[in-house]
Amino acid sequence: MFAASVFLLTALTGIWTFELSLPFQMAWASSSSSSQVKQILGNLERGPKNVDGVPLDPCQVVRTGSIGPLSAPFDQCATSTYVGAFGSKRVNFVLFTLVGVRTQGLAYTNIGPATFEDECYRHLVGDWWAFNGGDPANPAGPCSLGYSFHGGG
């Protein structure tokens, strides 16, 4: 009975850690985080652009606050465009990464895994995703547990 209880507790802890913890944190913070993203995308639309309509400063360092489980300081980079394979669909995404670490973080995107070319991704809740660069030296399993790989375009 003791061994079965320990096994069950270990299994539940593992499931919580690898499958539910981060999605739960994003679900808990989703409404306020999604409001922040809508404000960021709105500011991007109203901000200065070059002759091709591309925002001049889509990235900035956030020094206070948090987005889901990611606390400041962090980089946020926003994109809103009609380019690429999505034709007339507006592609919106905002990437949140630790300062200086562009290969892992959180993303709010309306195109899902297509945002993460040659990266590992994990759906959290709604339009929220986690991503990391994975281990390209291990083509048999480049992603950590719970993540899937999306090849490049």
Under the side-chain contact (heavy atoms from CB on, under 4.5 Å) criterion, do Thr103 and Asn132 qualify, and how do the steps go? CA-CA 5 Å; Thr103 58; Asn132 65 53; over 6 Å; no
Tell me, do [X] and [Y] make a side-chain contact under 4.5 Å, heavy atoms counted?
{"X": "Phe93", "Y": "Val37", "value": "no"}
{"X": "Ser66", "Y": "Ser71", "value": "yes"}
{"X": "Phe74", "Y": "Ile67", "value": "yes"}
{"X": "Gln76", "Y": "Leu95", "value": "no"}
{"X": "Leu124", "Y": "Leu106", "value": "yes"}

Partners passing ring-ring contact (aromatic ring centres under 6.0 Å, His included) against Phe149 (at least two apart in sequence or in another chain): none
Contacts under 3.5 angstrom, residues 108-116 side chains, donor-acceptor by atom type, not counting sequence neighbours:
| unit_1 | atom_1 | unit_2 | atom_2 | d |
| --- | --- | --- | --- | --- |
| Thr109 | OG1 | Ile111 | N | 3.1 |
| Thr109 | OG1 | Thr115 | OG1 | 2.7 |
| Asn110 | OD1 | Asn92 | N | 2.9 |
| Asn110 | ND2 | Arg90 | O | 2.8 |
| Thr115 | OG1 | Gly112 | O | 3.0 |

Heavy-atom pair of closest approach, residues Val62 and Ala72: O-CB, 3.6 Å
Working note: Asp75 + Gln60, criterion side-chain contact (heavy atoms from CB on, under 4.5 Å); need CA distance, chi angles, decisive distance, verdict. CA-CA 6 Å; Asp75 289 327; Gln60 62 182 355; over 6 Å; no
Passes side-chain contact (heavy atoms from CB on, under 4.5 Å), Phe131 versus Cys120? Steps please. CA-CA 5 Å; Phe131 67 95; Cys120 299; over 6 Å; no
As an exercise, state the distance from SG of Cys143 to CD of Glu119, rounded to the nearest 0.5 Å. 9.5 Å
Trace of the side-chain contact (heavy atoms from CB on, under 4.5 Å) decision for Leu98 with Leu70: CA-CA 8 Å; Leu98 294 176; Leu70 186 63; 3.5 Å; yes
